[in-house]
Asker: 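Pasting in a structure now, in structure tokens, and then I'll have a few things to ask.
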Amino acid sequence: MELIKVTEQKEPHVALIELNRPKELNALNPQLMQEVRDALIALDKNEAVRVIIITGNEQAFAAGADIKQMADKSAIDMLLLDQFTTWDQIRKTKKPIIAAVSGFALGGGCEFVMTCDMVIASETAKFGQPEIKIGTIPGAGGTQRLTKAVGKAKAMELILTGRFLSAEEAHFYGLVNKVVPKEMYLHEAFALAKEIAQLSPVAVQLAKEAINRSFETHLDEGLTLERKNFYLTFASADQKEGMKAFIEKRKAEFKGQ
Ligand code: CAA
């Protein structure tokens, strides 16, 4: 891994992926995104990992897809490159992913963040889809996910002007879970990750799948999947332990089985 750094057990059951192209403000080139895909596949298979945090650095989560690598490409070059197939792994990952964002999360960087499951932002974070300013449009889900997150009118404004949202505004519109001082954003992401990592990983993954389905399907189909996953938790030892512990008034010990 050259352009990202992966620590499998930064805290027990919590893995950290750091995007690491600081000179380019973590611009997301195909190599970096392939490394992210490979890391997510490996962490999803690693039974010791229950929650994944993805971060950049204080200055930037990521300032978008790499403009220098795309500038001279033709439409057919872009079609054949098919770079967004690699990005699909972010949404396909079964374990929860928390984005810890400081500084710029623009273009593909904002789309990357919106593909994660939860977002902790430093007060310095800036979100936006400024592609229109360089003569293109979002290509990694921005028109869909930003619209679902902030509503049509605001998404139109942001995507058609390229304006940035401050961390506070992003919080107001429901794009991020929490805004904290700059020195606290990673700490806060770990606090959230550790809280989730204590719970049944089986139930967490089934709940994540059901929530994500609400964005992809009609209510009837979403409710059917939710019900199926709810029943499936009753096949886990974690559900038996969790309910038994509640009745016995003690803390549950979840083993992921
Ligand atoms: N691609 C490639 N390089 C980038 C980059 C990007 N998206 N963003 C920043 N960089 C590079 C800059 O070219 C610069 O490199 P040099 O030192 O070699 O010149 C370095 O990172 C530092 O950037 P700046 O000097 O511009 O820093 P700044 O603090 O003055 O400005 C910024 C920061 C406002 C984020 C500005 O860099 C910027 O506007 N970046 C581009 C943002 C953007 O348009 N993103 C969308 C990309 S297209 C996309 O993402 C399509 C999609 O949907 C997938």
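Count residues from 1 along the sequence. Values reported hereafter were calculated over all heavy atoms of this structure, with side chains retained and with hydrogens, waters and symmetry mates removed. Just so you know, ligand 1 is whichever comes first in the structure, and atom 1 is the first atom listed for that ligand.
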Asker: Quick check: closest heavy atoms across I97 and L40, and the distance to 0.1 Å?
Answerer: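 That closest heavy-atom pairing would be CD1-CD2, 4.0 Å.
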Asker: Are there more than 12 heavy atoms of other residues, nucleotides or ligands under 6.0 Å from atom NZ of K154?
Answerer: yes
Asker: Sorted by first residue and then second, give each ring pair (Phe, Tyr, Trp, His ring centres under 6.0 Å) pair with at least one member in residues 121-180; sequence neighbours left out.
Answerer: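 Residue pairs with at least one partner in residues 121-180: there are none.
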Asker: Check the pair E241 / R250 against salt bridge (Lys or Arg N to Asp or Glu O under 4.0 Å), numbers first and verdict last.
Answerer: CA-CA 10 Å; E241 162 65 7; R250 60 174 174 81; 2.8 Å; yes
Asker: What heavy-atom pair brings N26 and G56 nearest, and what distance separates the two atoms?
Answerer: ND2-CA, 3.6 Å
Asker: So which protein residues pack against ligand 1 under 4.0 Å, heavy atoms counted?
Answerer: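 Lining ligand 1: K23, E24, L25, A27, A63, G64, A65, D66, I67, K68, M70, F84, F104, L106, G107, G108, E111, P130, E131, I134, P138, G139, A140.
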Asker: May I ask you to check whether over 12 heavy atoms, not counting those of L223, lie within 6.0 Å of atom CG?
Answerer: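 Count over threshold, so yes.
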